[in-house]
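Written below as structure tokens is the structure these notes are about.
Values in this document were obtained by computation on a predicted structure and should not be read as measured data. Sequence lines set the chain letters: A, B, ... in the order given, protein chains first and strands last, and positions in each chain run from 1.
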Amino acid sequence: MKIVYFAWLRERVGVPEEVVALPDGVRTVGEVITHLSGLGENYAYAFERPSVIRAALDRKHVPLDAPLGEARELALFPPMTGG
Amino acid sequence: MKIVYFAWLRERVGVPEEVVALPDGVRTVGEVITHLSGLGENYAYAFERPSVIRAALDRKHVPLDAPLGEARELALFPPMTGG
Amino acid sequence: MAPLVVRLQAAPIDVEAETRLLSVGRGDVGAIVTFTGLCRDEKGTLSGLELEHYPGMAEAEITRIAEEAAGRWPLLGIVAIHRHGLVAPGEVIVLVAVASAHRQAAFAGAEFIMDFLKSRAPFWKKEHRSDGGEGQWVDAKESDEAALSRW
Amino acid sequence: MAPLVVRLQAAPIDVEAETRLLSVGRGDVGAIVTFTGLCRDEKGTLSGLELEHYPGMAEAEITRIAEEAAGRWPLLGIVAIHRHGLVAPGEVIVLVAVASAHRQAAFAGAEFIMDFLKSRAPFWKKEHRSDGGEGQWVDAKESDEAALSRW
């Protein structure tokens, strides 16, 4: 699955986007985050406080318990600070 | 006392301002309006609905039961429609 | 509070120039809310509005309202300019612009000033009809008086 | 609903030109509320803000918010323009301008759009420090999230 990162999440992970092969049991956004957290120190640091992470599937906001469904792009980012 | 009129009150009275000698018993704005109403048809028409009249004494809003006190200028006008 | 500009004028209002004063050369302003009230043509029936005012009281009353707003919210500047005389459709009748560090205060200040200006500043509008007929004085709206109760 | 302009741009925003579109050549607009959010310098400690956004989603999300506002109030036009990239103190980060026949709808529409834009549009601000040190990512404010509950 294509995953894109923004702001300090992007800086901590170290790449703006990547394609990640997800294990079969990973079906929700929250499960993706748990999976990513185990991929290395940079990921563990990026996701150390999962509760602050916001997510979008195919560019629409979703809660962390949202199923991935047929989505092609998952975006993970901190709370937004535009405006 | 100097009395100034605005908008349709000015049009109905027929003058923008005038000096009116007030009888001794006239001590409040409302009493001035009652007195003016008896001065002629134009006044009676202007003040036919006293409840819609707004007033200012020396350029400060006052209720109709406000005493005239030492005020030099009484303004009478319809509800305001600026902005 | 920083700059407070209150003015009545017969000439058209230069919204951009008046509003620019609120932020030029300063780094503390984070939000500016600008309200402009425009003359409508009421589906083509009006050629304009004649704005009558009470000289001396109008400017004082708007100043009083603006200072009240400055006391309620942390504002960094207020501009309030009102036309008098004949105004054509599409022209600005009133400009209220409020600066603050943050948006909530700027919005609240601008709405407060407009709500009180509508019902407390001594201006009256008379319609000028496109067909040349005698225009009517605009009636005050009860909703404008009611709007004050929330403050 | 009439014109809906939503745009992201790296270039400075021409507030006057963008807002003029809402009223030029029409007689039905009686009120325009304009919000501009400006880059603050935080008492001289910042040389600017870097605005990161999610291309593709940012414009779509602002459009969605603007259309929601247009469904709630009788609006006659909306302009919403957001900068991205580096913005200097005093420059406009975001412009939201809303036209309506009357002021209440224009104020409500502009505040609604700004409240949701703040917490829902995918933008993130990073500080650039005047002293050249590493700047921080701006933290989201709880008050911005809380502001949504009133709508």
Could you tell me which residues satisfy side-chain contact (heavy atoms from CB on, under 4.5 Å) with D:Asp41, sequence neighbours excluded, listed by chain and number?
D:Pro89
Set of side-chain contact (heavy atoms from CB on, under 4.5 Å) partners for A:Arg12, sequence neighbours left out
A:Trp8, A:Tyr45, A:Ala46, A:Glu48
How long is the gap from CE on D:Met57 to CZ on A:Phe6, to the nearest 0.5 Å?
9.0 Å
Whatever's closer than 4.5 Å to a heavy atom in chain D on A:Val52 counts as neither
Toward chain A, the part of D:His84 with a non-hydrogen atom under 4.5 Å
neither
Pairing of D:Glu61 and A:Lys60 as salt bridge, 4.0 angstrom limit
no
Ranked by heavy-atom pairs below 4.5 Å to chain A, first place among D:Glu50, D:Gln136, D:His82 goes to D:His82
Which portion of D:Asp139 sits near chain A, non-hydrogen atoms under 4.5 angstrom:
backbone
Take atom CZ in A:Arg49; do more than 12 heavy atoms of anything else shown fall under 6.0 Å from it?
no
So which residue, A:Ala56, A:Ala75, A:Ala7, ends up with the most heavy-atom pairs under 4.5 Å with chain D?
A:Ala7
Indicate yes or no: at least one non-hydrogen side-chain atom of A:Met80 is less than 4.5 angstrom from one of D:Lys118.
no
So which of D:Trp124, D:Trp137, D:Phe123 actually passes side-chain contact (heavy atoms from CB on, under 4.5 Å) with A:Thr81?
D:Trp124
Salt bridge or not for A:Glu11 and D:Lys126, using N-O below 4.0 Å?
yes
Heavy-atom distances under 4.5 Å only: say whether D:Ala60 touches chain A with side chain, backbone, both or neither.
neither
Over 12 non-hydrogen atoms of neighbours within 6.0 angstrom of CZ in A:Arg27:
no
Which bit of D:Arg83 comes within less than 4.5 Å of chain A, counting heavy atoms only: side chain, backbone, both or neither?
neither
